[in-house]
Amino acid sequence: MVSKLSKIKRMMGWKQKVKKPFIVMIGDVGTGKSTIVEKIAEQSGRSGDATFSLTTQSEIFWSYDGSMIIADTPGCNAIQDPFTHNQWVASAINFAPVSKIFIIVKAETRIDSVVSKVLQYNSKLLEIPEELVGVLVSHMDTVKYIDKQLKDNILEFCQIKDVVLTSKDEARHLLLRNLKKMSEKTKPIDFQIDGESFLKIFRVEPRERRALAAIDRRVDHFLTMKEDFDSNIIPAYQGKDLIDVLFAFQAWMADILAKMQSDMCVELGYDATFSGPNGNTEAAHCAMLANRLRVIMFEIRKLTAHHAQRSAVDARACNHCGFVWVKVEGCEGATICGNKSGDLPTPVDVRNTAFTTVGRFKFNWNSVKLLIERTTNTEVQLQATAGKDRVGCGRTITWCNMPRVNTLDLEDESQAPRQDGSEVLPRCDGYKEKLELEIEAKTEKLQLSDSKPGPSK
């Protein structure tokens with residue numbers, strides 16, 4: 001409650017103070033984030049050639065002309081205390097409604113290297129609305145390829161349209177103009193990073209060989225089960241049965257993910273509540289395992305969505321009573337909800353019945369291959385009729401004006417694909433609340449000067 005109240009107070013103060021675009025810069029150590037802030041915010045002493053990152057916490061600045069607000073953040077890959085550095089990055093994103101989060105990358109000799117770094121960050125930001133994500137490439141004066149080449153590659157491989165390129169000698173008003181142009185495209189979004197989303201976005205790589213080996217073994221095993229499912233289970237089913245199998249496999253793999261985390265805690269001697277002195281490091285290791293497994297889970301979800309879309313029917317709901325229909329005859333014009341079909345003596349429910357039965361399946365891994373068993377079928381009640389002796393409400397409906405219904409939404413919710421496969425740290429709400437409070441405490445320390453600079457003369 002304290003955290004939510006402080007956020008409300010901060011947001012009220014923010015809205016009264018300013019209505020300018022707010023951008024957050026994130027990236028690795030040494031990519032030029034602080035140098036860019038020095039240029040467009042008239043700051044000094046934030047960048048340098050030190051051995052370690054000079055920026056150890058986030059700070060908020062006005063642009064030199066008062067037209068924009070910029071958050072400078074620590075490098076996400078810092079060697080010293082990366083977990084705390086990433087909390088500061090999260091605090092900057094939570095500070096106020098964000099117009100754009102710019103991934104800062106340094107221009108490299110090979111375009112592939114730049115695109116690869118953007119991909120690495122973009123994959124972490126899947127929890128963040130895609131319209132908020134942009135790219136700023138620094139040090140363009142050190143490479144020879146043309147701007148369009150780089151932008152086209154980032155668009156093709158990363159699906160990011162908003163790309164700003166800058167060089168050391170670029171005039172500050174030109175850089176600021178380009179940043180504003182990209183930031184003003186989208187309405188600011190109040191995206192708050194909580195404990196769960198923090199562990200999905202900010203991934204701290206384990207340094208201990210024992211932890212790395214434990215993660216790699218489990219990822220390999222998870223992938224082996226998924227590949228066996230692809231090779232031996234999927235070809236044995238088709239149609240609606242295949243869709244049911246895919247949904248069931250997703251749910252089973254999500255349970256396996258949680259079990260793998262628990263087993264790894266036991267193997268490495270971790271406190272499963274992450275409340276000890278090494279709690280953040282141990283939680284980061286378990287989150288890393290989950291995040292790598294989520295990549296595999298994502299492939300399963302894509303396959304499920306593909307087959308489900310192919311099998312979906314054109315079902316629509318009555319605008320008045322919500323009853324679901326599939327048109328088997330007739331035109332796009334007006335009719336009656338519950339109207340008789342042809343010469344049949346009574347109104348007929350013409351909903352597609354293929355989706356009213358959900359197959360239940362049980363999986364087991366016998367250390368060599370994946371075993372599957374059909375346990376039962378479950379009848380799903382789609383919707384109650386409008387009366388005892390009739391179907392529909394009897395009011396006028398027009399097929400072309402009726403809202404479409406996703407037939408998959410009518411299935412049992414337990415068969416629906418889980419967002420991101422699973423929570424990163426299931427059954428660890430206490431730790432995630434603690435993490436949220438630590439981020440909130442850092443957000444509370446961020447300040448924006450009340451004296452807004454005026455336009456340069």
**OP:** Could you point out which residue of Leu446, Thr73, Thr443 forms a side-chain contact (heavy atoms from CB on, under 4.5 Å) with Trp88?
**Re:** Leu446

Subject >> Atom CZ of Phe298: over 12 foreign heavy atoms under 6.0 Å >> reply: no

Subject >> Proximity of Phe83 and Phe198 rings by center, below 6.0 Å >> reply: yes

**OP:** Before accepting this row, confirm whether a basic side-chain N of the pair Asp244/Arg360 lies closer than 4.0 Å to the acidic partner's carboxylate O.
**Re:** no

Original post:
Do the side chain of Ser197 and the main chain of Ile193 share a donor and acceptor less than 3.5 angstrom apart?
Top reply: no

Subject >> Identified side chain to side chain donor-acceptor pair (under 3.5 Å) partner of Asp28 from the options Lys106, Lys33, Lys117 >> reply: Lys117

Subject >> Heavy-atom closest contact (Ala248 atom, Phe361 atom, distance) >> reply: CB-CB, 4.2 Å

**OP:** For Ser138 and Thr31, indicate whether the former's side chain and the latter's backbone hold a donor-acceptor pair under 3.5 Å.
**Re:** yes

**OP:** Please list, chain by chain and in numerical order, all residues satisfying side-chain hydrogen bond (donor to acceptor under 3.5 Å, both in side chains) with Asn291, sequence neighbours excluded.
**Re:** Arg294

Original post:
Are Lys259 and Asp263 ion-paired here, with the side-chain N under 4.0 Å from a carboxylate O?
Top reply: yes

Original post:
With sequence neighbours excluded, what pairs up with Lys181 under the salt bridge (Lys or Arg N to Asp or Glu O under 4.0 Å) test?
Top reply: none

**OP:** Kindly write out the residues that satisfy side-chain hydrogen bond (donor to acceptor under 3.5 Å, both in side chains) with Ser116, not counting sequence neighbours, or none if the list is empty.
**Re:** none

